[in-house]
Visitor: 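I am attaching a structure below and will ask some questions about it afterwards.
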Amino acid sequence: MASRFGAAAAAATAATANPEQVLFTARLNNIRPLVNMLRTICFRPRASCAINAGGLVFTVEEAQSIVAQAYLRTDLFSAFNYNIALAKEQLADQNQDAEPANDDDENTTHIALPLDSLIECLMLFYGPSGTAAGGPGGAHGGSSGIQSTSAMLTGGNPMDLRGASIAHIAFNGLGSDFELMLEERGVISVCRMATFYPESPVDLDFSRFPVVQQLIIRSEWLRDAFNELDPTSEAVAIAISATAPYFRISTVGDNGSTEMTYSKDERILDSFFCSEEQENRYKLSLILRCRQALALSDKTKIRVNQRGFLSFQFMIPTDADVSFVNFLYAPLVHANELEH
Amino acid sequence: MRFRTLVTNANLLLRVVQSIDKLAKSAILKLTPEKLHIIVITDVDSGLQLWSDVAVNALFSDYRIESVHGNEIYLEFSIDSLQRALKSAQGALRTTLKLAKKQGLPVLSLVIQNQSGTGRELTLTQDVPVRVLTPQQMDAIREPLVPDSQVHIMMPPLNSVRSIAERIKAMGDRVAVSANRDGEVTLRVSNDLVEITTFFRGLENLAYDATQDANPTPDRAPTEFYTAVVDMKNFLRFLQSYHVAPRNIVCCIIEHHALVFYVYIGSAGYGAGALNDQTCGSLTYFIPVRQV
C-alpha cells in the first residue's frame with residue numbers, strides 16, 4: 001500500500017498502516033450517506049464522537065436545551081475495525097483507578113472534533129462549492145426551507161455521482177489526529193483534524209422519566225407542518241392528547257397564530273400512545289435545527305416524557321437498512337409547573 | 001502613431017482577454033510589429049502578475065503599426081470594456097481594430113461588419129477608451145526577474161485543481177504548492193484545527209537540465225518536493241483564468257521565491273512534446289512566495 005500511494009503514504013501513516021496496530025480504522029466506498037447524516041446535526045462547529053465496536057455516534061448540543069445525535073452503525077461502512085484491546089489500554093491509562101469494562105460494548109473511546117471541518121473534508125471532491133445543497137450549517141438558515149430527499153442525498157445535483165471514490169478513516173486515540181484519506185480518480189487527499197477531550201456531555205436525561213406520549217408520523221406531514229410555522233414566533237407548542245385533537249402544533253407570532261392538528265388516522269399517525277395529556281412549548285429556532293434530518297427521513301417517531309422533554313427520532317433510509325438521527329429538546333416551561 | 005488591422009481570430013483574442021478578466025480591472029496592451037502583449041499587475045510587490053504574448057499573425061492580417069518608438073504602442077485599457085467589445089465581434093463578417101481619437105480622447109475602435117437577414121450590411125462600432133503610455137512609463141514596467149526554477153511539471157487538468165482549491169480555500173489564507181521530479185504535485189492548506197494535503201500523481205515532468213541552471217541545487221532525490229507558499233487568493237485567481245488551453249500548463253517552482261505557470265496558447269496535442277508545435281503565444285503567471 002505504501003508504494004501505491006507514494007508520497008501520500010508518508011503523510012497518512014495511520015490510514016495506510018495495519019488495522020491491527022491502530023485504535024480505529026474504517027473504510028467507505030460511498031461517502032454520501034455519511035456526509036448527509038453528519039450535515040443534519042452540524043448546527044455547531046464542534047461535535048463529540050463516541051467510537052466503539054458498534055459504530056460511531058456523533059453528538060452536538062446547544063444551550064443545554066438541544067442534543068442531536070447521529071448513529072452510524074458498523075454496517076454503514078464497508079470495513080470497520082475498533083481495536084478493543086488497544087482501547088482498554090488507553091482507557092486504563094486515562095483512568096488509573098477505574099476498572100476496565102468487561103462488557104465489550106462499554107469500551108468506548110470519546111473524543112471531540114471539529115465536525116464542520118470533517119464535513120468540508122469529506123466533501124472535498126464534490127465539485128465547486130455552491131452546487132452542494134446548502135452548507136454544513138444548513139440548519140442555521142431555517143428560512144432556506146425543506147429540500148427534497150433526493151436533492152439532499154445527491155448534494156443538489158442529481159446527475160453528480162462524484163464525491164470521493166473511497167474514503168479511509170483512522171484514529172489512534174486521544175492525542176493523535178483524526179485522519180481521513182479520500183481518493184477519486186487517482187487524486188488523493190489526506191486530511192488531519194485535531195481532536196480534543198470531550199466536554200462533559202450534556203445529558204438531558206430523557207429516559208429517567210417515563211414516556212407519556214408517543215407517535216410515529218410520516219415525515220412529509222411533519223415537513224408540511226414545519227413549513228407552516230410562523231418563524232417570528234419565539235416558541236412552538238406541541239400538544240398531544242388521548243382525545244381529539246390528538247396531535248397539535250401551534251405558534252403565536254407577529255403575523256398571528258398558526259395551528260396544525262392531526263387526527264389519529266392510521267394513514268397519518270402510527271403507533272399512537274398517550275397516557276398523559278400535555279402541551280409543551282419549545283424554542284422554535286432550536287426545533288427548526290432538525291429540518292435537515294427531517295428532510296432525509298421517511299418517518300419520525302415523536303416521544304415526550306413526563307417532564308415534557310421531547311424526542312424526535314428520524315428514520316433515514318440508507319444502503320444498510322435504516323439509520324437514526326435523534327434530536328432531544330428541553331421544554332421552555334413544563335406544563336405541570338403552570339399549575340403550581 | 002498609427003495602428004490598424006483586420007482581426008482574423010476574434011475568438012482567440014476574446015479568450016485571452018476572458019482569461020484575465022478576474023485578475024484586475026485594467027491591463028496594459030503592448031503592440032509591436034510581431035507580437036501583441038497583455039500585461040496585468042495586480043500588486044507590484046505581493047500580487048500575481050501576468051505577462052503574455054501572442055504572435056500577431058495568429059490574430060490579425062493586414063497588420064499596420066507605426067510609431068516613433070520602434071513601431072511600438074503602449075496602451076492601458078479596461079479589461080471589461082475590451083471584453084464586451086470583443087464579444088460583439090464574435091461571428092462577424094469582418095472586424096477591424098484601430099487606434100483612433102473620439103472627442104479628443106484616444107480609443108481602440110473595433111469596427112464590426114455583419115450581414116443582416118435581408119442581406120444588408122450592418123456596421124457596429126465599439127470604442128474602448130485607452131490611455132496611451134509613454135516609453136518611459138512602459139520602461140518602468142518590467143517582467144519579474146526570476147531565478148531558474150528547480151522543477152517543471154505539467155499541471156493536472158485545471159478544473160479539478162480549481163474545484164479542490166475552491167473547497168480548501170476556507171481552511172486557510174495561504175497554500176503550499178509543491179512538486180517533485182517524479183510526476184507529483186501537492187497542495188497543502190492548514191489551520192489550527194485541520195490540515196489538508198492533496199496529491200496529484202502521474203504527471204509529466206519537463207526535463208531538468210542541471211547544466212542550464214546558474215545555481216544548480218544539490219542533488220535531491222526525484223521524489224523530494226520543492227515548495228512555494230503563496231497567497232490562496234493569488235492561486236485562486238490564476239486557477240480561475242482557464243479559458244485558454246487549460247490542458248497545457250507548466251508549473252515551475254522556485255523555492256522561497258515564486259510560483260510560475262506557463263500557459264501555452266494554440267498548441268495542438270497535449271504534453272511536454274506538444275508545447276513547441278504550433279504554439280502561437282503564451283501566458284506567464286508570476287505568483288510571488290508569501291512573505292511570512
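Note on naming: letters A, B, ... go to the chains in the order of the sequence lines (proteins, then strands), and numbering restarts at 1 for each one.
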Visitor: So A:C121 and B:V194, do their side chains get closer than 4.5 Å, heavy atoms only?
Guide: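 Side chain of B:V194 against side chain of A:C121, heavy atoms only: contact under 4.5 Å found.
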
Visitor: Considering non-hydrogen atoms only, spot the tightest contact between B:I168 and A:L124 and give its length.
Guide: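 In this case the closest contact between B:I168 and A:L124 is CG2-CD1, 3.6 Å.
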
Visitor: Drop me the distance from A:I188's CD1 to B:T186's OG1, to the nearest 0.5 angstrom.
Guide: 12.0 Å

Visitor: Tell me if a side-chain donor or acceptor on B:R201 pairs with a main-chain N or O of A:G186 at a distance below 3.5 Å.
Guide: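 Side chain of B:R201 to backbone of A:G186: a pair is present.
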
Visitor: Just how far is it from atom OG of B:S190 to atom CZ of A:R192, taken to the nearest 0.5 Å?
Guide: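 One finds 11.5 Å between OG of B:S190 and CZ of A:R192.
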
Visitor: Between A:E120 and B:M171, which heavy-atom pair has the shortest distance, and what is it?
Guide: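 Nearest pair, atom of A:E120 first, then B:M171: CB-CE, 3.2 Å.
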
Visitor: What part of A:F178 gets closer than 4.5 Å to chain B, counting heavy atoms only: side chain, backbone, both or neither?
Guide: neither

Visitor: Output the option from A:P114, A:A194, A:S189 having the highest count of non-hydrogen pairs under 4.5 Å with chain B.
Guide: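 Most heavy-atom pairs under 4.5 Å with chain B: A:S189.
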
Visitor: Roughly how far, to the nearest 0.5 Å, is the OG atom of B:S163 from the CZ atom of A:F125?
Guide: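 One gets 8.5 Å once the value is rounded to the nearest 0.5 Å.
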
Visitor: Quick check on B:D192 against chain A: is it the side chain, the backbone, both or neither that has a heavy atom closer than 4.5 Å?
Guide: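 Contact with chain A is through the backbone of B:D192 alone.
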
Visitor: Looking only at non-hydrogen atoms, find the nearest pair between A:F196 and B:L193 and report the distance.
Guide: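 Shortest heavy-atom contact: CZ-CD2, 3.5 Å.
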
Visitor: Could you give the distance from CD1 (B:I196) to CE (A:M193), rounded to the nearest 0.5 Å?
Guide: 7.5 Å

